Each structure stands twice: as C-alpha cells, then as structure tokens.
Amino acid sequence: EAQVTQNPRYLITVTGKKLTVTCSQNMNHEYMSWYRQDPGLGLRQIYYSMNVEVTDKGDVPEGYKVSRKEKRNFPLILESPSPNQTSLYFCASSYRDSNQPQHFGDGTRLSIL
Amino acid sequence: GNSVTQMEGPVTLSEEAFLTINCTYTATGYPSLFWYVQYPGEGLQLLLKATKADDKGSNKGFEATYRKETTSFHLEKGSVQVSDSAVYFCALSSAGANSKLTFGKGITLSVRP
C-alpha cells in the first residue's frame, strides 16, 4: 500500500530535549516536505526537499532541521524544542515537486512542556 | 511572496444545500491551484487541482475553476452530504526555482442531516 508513515503519532516532551520525528514514503517520490498545522493559521511549510541531499527552507524553518540522506526518508529534527513548537506536524511527498498531488502522513502531535 | 486567502469559517449547512467556499490568491507567474480536504483525525487528501487559467478541477461532485482575472479558485458543490463534513484547504504551488506549497487557513464545514 502506498503510504507516508510518520512516527511517533503523539509525543509529550520537555523544553530543550532533542527529538526527531521520522517520515518514510514507499512510493519512490522525489519531493518531500514538512508542515505544521496550528489553529487559525492553517498549514505552513517548514522545509522541503527536491531530492536526496537537496533541502530548502519553507516559510517557518526556525528551530527545525532536516536531512535527506536516502530518498525514502525525511526526518524532522528539533534540536532544542520550545513550547511554541507545540503543534500538529505533517510530512508529505510527491512524485516530483509541489505541483503534483501531495500524499500526506497521518500527522504527529507534539506537545512541548 | 505567495499567499492564499480563504473565507472565514466555520460553515454549517443542511444536507443537500449548495456549497461555495471562496479562495483568492496572490502569486507571481502561473501557479497551480489545489483544494485539499482533511477528515477528522486524518492527514490531508487532494480533492481537486487546476494547473492553468480557465481549467476546471472536479472530483466527488466538487468543482473549482481557475480564474486568473479575479485570482480566485472558489470551491462549489451542488448538494452537500453529511460525509462532506471536514476541513477544506485552498493551496497554491509555484514550482520552479523554489518548489513551495502555500496553504490558506482552512475552513471547517459541518453538514447536518
């Protein structure tokens, strides 16, 4: 089954404790991206990647890091999480770029205390 | 930069009512336009898309026409069902030098029997 898998689905943690949210897709997609969803703000793009070893900032990259060492994986790293990063996070992928339909994961709800 | 503006919500309709959700955009060049839908507890799914002016996207009874002269991409459905209750997001993509996807804030639709 074609899918985008995020882990964990839920996480409660404390300020400053490094965490990683994994994202994996099994569709051989070139393009992957991360979004955060906040009430009243919709989805905002954090980072995106056009291909292996190629990443670029989205609209709200501060406080986040990403890497794309393999085509299928695109982890989101919070080196020193803060409460304002409490949010619902989505990973997405598509065949080539943002013009193609995006396949979204089921989301990761992060709470930073 | 690019931006997407959706009408304020939430929207509550009775079953079989006509639906219009307004979406306007600001972008350079010739963006692709999308409507995504998010059902409770799930990730986003593509509902429909249009890639050039005057294109009409359609799916599951929903339609939207890419209007370059009014920079709009309004979503319509002639007769809504309870199962259409969800959050709807308008989005645009300007793939090219930077392949970014910009979302509107989303609008919650509730359809009552």
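Numbers restart at 1 for each chain; the letters A, B, ... are given by sequence-line order, proteins then strands. The basis for the numbers below is simple: all heavy atoms, side chains too, and nothing from hydrogens, waters or symmetry mates. On a predicted model such as this, the values are computed, not experimentally measured, just so you know.
Few gaps surround CD on A:E53; more than 12 heavy atoms of other groups in view lie less than 6.0 Å from it. The environment of A:R109 atom CZ is sparse: at most 12 non-hydrogen atoms of other residues, nucleotides or ligands sit within 6.0 angstrom. For A:K57, the NZ atom is loosely surrounded, since the number of other residues' heavy atoms within 6.0 Å does not exceed 12. Around atom CZ of B:F18, more than 12 heavy atoms belonging to other residues, nucleotides or ligands sit under 6.0 Å away. No more than 12 heavy atoms of other residues, nucleotides or ligands shown are found within 6.0 angstrom of NZ on A:K17. Other residues, nucleotides and ligands contribute at most 12 non-hydrogen atoms within 6.0 Å of the CD atom of B:E8.
A heavy-atom distance below 4.5 Å is not found between the side chains of B:F34 and A:Q102. Looking only at side-chain heavy atoms (C-beta outward), B:L101 and A:L43 stay at 4.5 Å or farther from each other. B:F103 places none of its side-chain heavy atoms less than 4.5 Å from the side chain of A:R44.
Side-chain atoms of A:S98 do not come within 3.5 Å of backbone N or O of B:S93 as any donor-acceptor pair. B:K105 places no side-chain N or O within donor-acceptor distance of the main-chain N or O of A:P39, the cut-off being under 3.5 Å.
Residues B:W35 and B:L19 fall within the same hydrophobic cluster, defined by Ile, Leu, Val, Met, Phe, Trp and Tyr side chains chained together at heavy-atom separations under 4.5 Å. There is a path of hydrophobic side-chain contacts, each under 4.5 Å, that joins A:F74 to A:L110.
Minimum interatomic distance between B:K100 and A:Y48 (heavy atoms only, all atoms of both residues): CG-CE2, 3.5 Å.
Summarising the geometry, atom OG1 belonging to B:T51 is positioned 8.0 Å from atom CG belonging to A:N99; distances are rounded to the nearest 0.5 Å.
Using a 4.5 Å cut-off between heavy atoms, A:Q37 contacts chain B through its side chain alone, with no backbone atom that close. Contact annotation for B:Q38: only side-chain heavy atoms (C-beta onward) come within less than 4.5 Å of a heavy atom of chain A.
Interface summary for chain B: among A:S33, A:G107, A:G40, the most heavy-atom pairs under 4.5 angstrom belong to A:G40. For the options B:L44, B:L33, B:I107, B:V4, heavy-atom pairs under 4.5 Å to chain A are most numerous at B:L44.
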